[in-house]
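Excluded from the calculations below are hydrogen atoms, water molecules and symmetry mates; all remaining heavy atoms, backbone and side chain alike, are included. Protein chains get the first letters and strands the later ones, always in sequence-line order, with residue 1 at the start of each.
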Amino acid sequence: MIELPPQKYSPKNVEEKILQFWEENDIFKKQIDQRKGCTPYIFLEGPPTANGMPHPGHILTRVMKDLFTRYQAMNGHYVERKAGWDTHGLPVEIEVEKKLGLKDKQDVEKYGIKKFNDECKKSVFKYENAWVELTCRIGFWVDMDNPYITLKNDYIESVWWSLKQAWDKKLLYKGHKVVPYCPRCGTALSAHEIAQGYKIVDDPSIFVKFKLKDEYAYFLAWTTTPWTLISNVALAVHPDQTYIKIRLNGDVMILAEERASVLLKGEEYELLDGFSGKELEGTEYEPLFDFAKPEKKAWYVVLADFVTMEDGTGIVHMAPAFGEDDYNVGKKYDLPVVQLVKLDGTFPDEVTPWKGQFVKDADPSIIKHLEKRGLLEGIHKHTHEYPFCWRCDSPLLYYAMESWFIAMTKVQDSLVRNNNNINWYPEYLQQGRFGDFIREVKDWALSRKRYWGTPLPIWTCSDKTCKHQICVGSVEELRNLSESFPDNYDLHKPFVDEIVVKCPKCKSQMKREEEVIDCWYDSGSAFFAQWHYPFENQDKFKDNFPVDFICEALDQTRGWFYSLLAISTFLFDDRPYKNVLTLGLVLDENNQKMSKSKRNYVDPIIVLDHEGADSLRWYLISANAPWMSTRFFEQAVKDTLGKFILTFWNSYNFFTTYASIDKFDCKKDTIPIAKRQLLDKWILSRYNKVISNVRKHIEVFEIHKAARLVENFVIEDFSNWYLRRSRKRLWVEEKTEDKLAGYSTMYEIFLGLSKILAPLIPFITEEIYLNLRADDMPESVHLCDYLHSDDKQIDDELESGMEKIRDLVEVGRALRSKIGIKVKYPLSNATLVCDKKIEDSIKDLLDLLNEEINVKKISFERDTSNFMTKTVKPNHSKLGPKYKAKAKGIVNAIEELDSHQLYGDLTKTKKITVSVDGEDIVLTMDDFQIVESEKSHIARTETEDAVLLFDTTLTPDLEAEGFAREIVRRIQSMRKELDLDVEDRITVGINIDSEKKNALQKWQDYIQGETRSKELSFIDRPSGKLVKKWKIDELEVEIGINK
RNA sequence: GGGCCUGUAGCUUAGGUUGGUUGGAGCACCCGGCUGAUAACCGGGAGGCCAAGAGUUCAAAUCUCUUCAGGCCCA
């Protein structure tokens, strides 16, 4: 039984009601469970960090994840949706440090690692409620009762297992990583931290001479960090640049040709030799200082692509301990890492002249020293950006810290192969940003010298000679190695470090490497660690690997998308996911990135309260391709509500208003399609076409196209044409077959739309479905099967005929507007001039055209000649040159004549004579232009394939009919003013000029029928509940109505 | 600094692969009409150096290069 829904659509009320319905009836669980045993569609949730409030970007991700999983579930797949939480990492620690007022790592250790980590754990779930609420409110169906959480012992154990795999494959090793380091705070800073501490500073930049070992010549190098010269081990040149040897001021020097032309502009020098960078490779030079006694070979020329010709000399001094580029080159050439700076930023004792001095403060003294030795060629001031500690404002040093790595470079080929086996949406990321990243993959710096994270499970024997190392791969293994393993264990710091582990080789005590691991490794392990694989759920894992679908924003490309692939590749040598949808970023109204500090975004909750989740979802889905960035602001969602959601609702409301009055029963009252009107068949054809195309778009994640297609169908085809054209059918009071045919069609389409749109806008579709469903249908739209199109109902010819009719309506209305005869006033005749084919395609649909443009009769013709008339007018460009001064007189004379007659005469006699100033002039057809125009009372317009002609003669009968419609319109608006129900009957009294009254009387039945009046009288003083005076075309009318 | 993506009317956008009539829509605006779906509907109008510049071509929103602006990632 279809019920009358609320007239006014309140998103909040409807959505709250539906949320309650889902919860009370466990619909989400039923959607999953009813597909048990079906082909699974495996989704993996990229875990959000719940230590900050969700913002519009998170909403987009969650909406997209939701709609594709809902779609697959309705499509007959078993779609589990396990939620996940990312809980470790530096952002969490920073948040807690701020809260507790801790400034650096020393502060943390003073505070106590146990207490600190407790705070971290608490902080992680600080915003959990907000996340859960928002997730629920936007209708994202994900199982938040059984999430995977990266801080759980089981999860950590799975991560440990995977690290042990890496260890066994000899992929886990200890090396150096150059990081920005604050010597005062004694800590490395993350990229995110240094980004907020750049300042523009003046540093000395110096040109230093390095003497070649076997030759009296110098390499001229350039540096802005003189203090790193102490730890110099090599010089780098660009392999493809040209270097020259010159004599300048008595010295022989080598530098890049391109730089020489800039640096030595105007100076005189003698060119001695030239070579490519490549040829210089391996050339040895004498060290500037002898403080370092490196074990490996040092002090020779190496090649590096990053050497620029923008500044300097084209020869770069290399100190692998203090620069990432330097370090990487050093690794390639196996250079020693000379690190003559202590962790507090001062020089060690072996650097005798400057020992104990802060390195940057020693710069001037080092420069002086070089100058004294004659090794300084020049000194400049260099203005550049330099990072400072955001906490204590000390200048940061780049510093090679010991770190654990996973040797991704060793599995690079597999990475590339597995990546090529993934479907990327959009495709260009596969070989673009992501492919580039993988082709230049570096070893993964895994360890973090922090507290809140998965501890690195590597223990080293403390015996100086033994130094045995073990990577622990399970809790069981750790328990067996330790003497006292607690029952109630926690694998985090500091507990894990309190476990006493004995070396299996020498029985000495072992000590865990103090680091925790990169939290990206945690989340990248989700595809197996969420199942506690391999300790549990081995089958479950096998069934769920690789996953079908992951979806995150663009910034995850080198984050989670990479960490999943990296781990999956070295563990299983396979892709972890088959399809990856990358979403564009959500920006603010001015295309600026949303940031917490600028507060330039709307709180999603406000939008949800005002416009509702469906409008919000529809906006995000339809505004743009998923991978394009989308601007987000409340007005945009408001527009979406008005444009689509309300149109959809109003259409539905229109249908239910009538269907509920008539108690339409979808079981008993459905009319077979064959017996329905062409209009019904047409909308069903359009509808089925839409279904089939929507499916095609969704399959390739072009959800915006699917959404726009449906939107266009609902607004243009269904609401603005089909329903508008069907209104009259529903106004008849009896339950005619035609009315039921209309209901049947509308019912089918609303029910269908609720299913098609259910994954996209799950609330309003549920609301509609629940009202329309019959008892034998599933209890929720989300438990239905997604629709397949019925191609038998697609009729291209009918669609093309309707297209032509709609074109004709358009031009017909425009023409009416142009000739100034209102649509209320019927015209007696219209003619369509077109060919037979067109006529055939539209002749059965002509009633629609009749009604839309209000014409009594439409007939067909093959050409327009009966409606056109030819006249002539003087051809000025011919007459002018020929008759010069007389031309004006001739034109005047012609205009005196009747132009129709003139044309007739000209065609008959070929010439006419006019008299100008007493002179007879003979004119021929050549002197005229033929003009074709409509005969009087004919108006003409055309479409691409037809001409439409109106007979504009208004007879008194036609005028009376039009006037009757004017009256009806006034009464209707008065009914509405009284807020009457559609079925209410009224009595009407009209006071009107007697001449019009006579004309109107013929239309009395019509007026009464249209306005549901049981009585209509023409009286002088109308009375009733509402009495109004109207002015219709200068004529005063007074109408009174009563219920 | 490097790589990648994006830029079309006040706003949201189609078209761009495959160069080819006058660059289409919708919202908002103005005028007119219609209306028992009323935050709707119909007709008309106004609004575009297709970010800027250069090149290729008979022809460029479309292809190429440069610049500018915004974004993401990496330095």
Write down the distance between [atom1] ([X]) and [atom2] ([N]), rounded to a whole number of angstrom.
X        : N      : atom1 : atom2 : value
A/Trp560 : B/rC73 : CH2   : P     : 17 Å
A/Arg558 : B/rG3  : CZ    : C1'   : 7 Å
A/Ile621 : B/rU13 : CD1   : C1'   : 17 Å
A/Phe633 : B/rG10 : CZ    : P     : 15 Å
A/Ile661 : B/rA37 : CD1   : P     : 11 Å
A/Arg970 : B/rU35 : CZ    : C1'   : 12 Å
A/Tyr619 : B/rC11 : OH    : P     : 13 Å
A/Asn854 : B/rC42 : CG    : P     : 18 Å

In Å, rounded to the nearest 0.5 Å, how long is the span from NE2 of A/His610 to CG of A/Leu616?
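So the gap between those two atoms works out to 13.0 Å.
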Separation of A/Ser615 OG from A/Ile761 CD1 (nearest 0.5 Å)
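One gets 8.5 Å once the value is rounded to the nearest 0.5 Å.
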Rounded to whole angstrom, note down the [atom1] distance from [N] over to [M].
N      : M      : atom1 : answer
B/rU64 : B/rU56 : C1'   : 7 Å
B/rG47 : B/rG26 : C1'   : 14 Å
B/rU18 : B/rC65 : P     : 15 Å
B/rU57 : B/rG20 : C1'   : 12 Å
B/rA52 : B/rA39 : P     : 41 Å
B/rG19 : B/rC74 : P     : 38 Å
B/rG70 : B/rG33 : C1'   : 44 Å
B/rG43 : B/rU35 : C1'   : 15 Å

Hey, is the main chain of A/Phe434 close enough, under 3.5 Å, to the side chain of A/Asn419 for a donor-acceptor pair?
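The answer is no, because no donor-acceptor pair under 3.5 Å joins these two groups.
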Backbone N/O of A/Phe664 and side chain of A/Asp662: donor-acceptor pair under 3.5 Å:
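Side chain of A/Asp662 to backbone of A/Phe664: no pair is present.
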Minimum-distance nucleotide (side-chain atoms of [X] versus [options]):
X        : options                : answer
A/Glu324 : B/rG3, B/rC72, B/rA75  : B/rA75
A/Ala623 : B/rA37, B/rG43, B/rU13 : B/rU13
A/Arg724 : B/rG3, B/rU13, B/rC41  : B/rC41

Which part of the nucleic acid does [X] contact within heavy-atom distance under 4.0 Å: base, sugar-phosphate only, or nothing?
X        : result
A/Phe561 : nothing
A/Leu815 : nothing
A/Asp325 : nothing
A/Ser719 : base
A/Ala814 : sugar-phosphate
A/Tyr428 : sugar-phosphate

Checking ring pair (Phe, Tyr, Trp, His ring centres under 6.0 Å) against A/Phe718, which of A/Phe750, A/Phe648, A/Tyr652, A/Phe655 comes through?
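Option passing the ring pair (Phe, Tyr, Trp, His ring centres under 6.0 Å) with A/Phe718: A/Phe750.
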RNA chain B in dot-bracket form (Watson-Crick or G-U pairs under 3.5 Å, [ ] crossing, | inter-strand) is (((((((..((((......[...)))).(((((.......))))).....(((((..]....)))))))))))).
Residue list, side-chain contact (heavy atoms from CB on, under 4.5 Å) with A/Glu966, at least two apart or on another chain
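Counting only residues at least two positions away or on another chain, A/Glu966 forms a side-chain contact (heavy atoms from CB on, under 4.5 Å) with A/Lys822, A/Lys824, A/Tyr825, A/Arg970, A/Ile1032, A/Asp1033.
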Output, in order, the C-alpha distance, side-chain angles, deciding distance and verdict of side chain to side chain contact (heavy atoms under 4.5 Å, CB included) for A/Thr225 and A/Phe322.
CA-CA 10 Å; A/Thr225 49; A/Phe322 305 109; over 6 Å; no
Out of the candidates A/Arg806, A/Arg724, A/Arg725, only one should pair with A/Asp717 under the salt bridge (charged side-chain N to carboxylate O under 4.0 Å, His left out) rule; please name it.
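It is A/Arg806; the other options fail the test.
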Any side-chain N or O of [X] under 4.0 Å from OP1/OP2 of [N]?
X        : N      : value
A/Asn712 : B/rA25 : no
A/Arg813 : B/rG33 : no
A/Lys824 : B/rC34 : yes
A/Arg727 : B/rA37 : yes

Would you call A/Lys696 and A/Glu702 a salt bridge, using N to O less than 4.0 angstrom?
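Salt bridge absent between A/Lys696 and A/Glu702.
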Before accepting this row, confirm whether a basic side-chain N of the pair A/Lys728/A/Asp847 lies closer than 4.0 Å to the acidic partner's carboxylate O.
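Result for this pair is no, no salt bridge flagged.
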Enumerate the residues from residues 639-652 of chain A whose closest heavy atom to RNA chain B is under 4.0 Å, giving them by residue number; use none for an empty result.
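A/Lys643, A/Leu646, A/Asn650, A/Ser651, in order of number.
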Assuming nearest nucleotide by heavy-atom distance, tell me which of A/Leu723 and A/Glu810 is located more 5' along RNA chain B.
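Checking each residue's closest nucleotide, the 5'-ward one belongs to A/Leu723.
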First of A/Lys638 and A/Asp979 reached from the 5' end of RNA chain B, by closest nucleotide:
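Result: A/Asp979.
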I'd like to know if A/Arg433 reaches the base of B/rC72 with its side chain, counting only an N/O donor and acceptor under 3.5 Å.
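Indeed, a donor on one side and an acceptor on the other fall under 3.5 Å apart.
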Distance-only polar pair, side chains of A/Asn420 and A/Gln430, donor-acceptor under 3.5 Å:
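Looking only at side-chain atoms, A/Gln430 and A/Asn420 do not form any donor-acceptor pair under 3.5 Å.
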Determine whether more than 12 heavy atoms belonging to other residues, nucleotides or ligands lie under 6.0 Å from atom CD of A/Gln635.
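Yes, because the 6.0 Å sphere around CD of A/Gln635 holds more than 12 heavy atoms from other groups.
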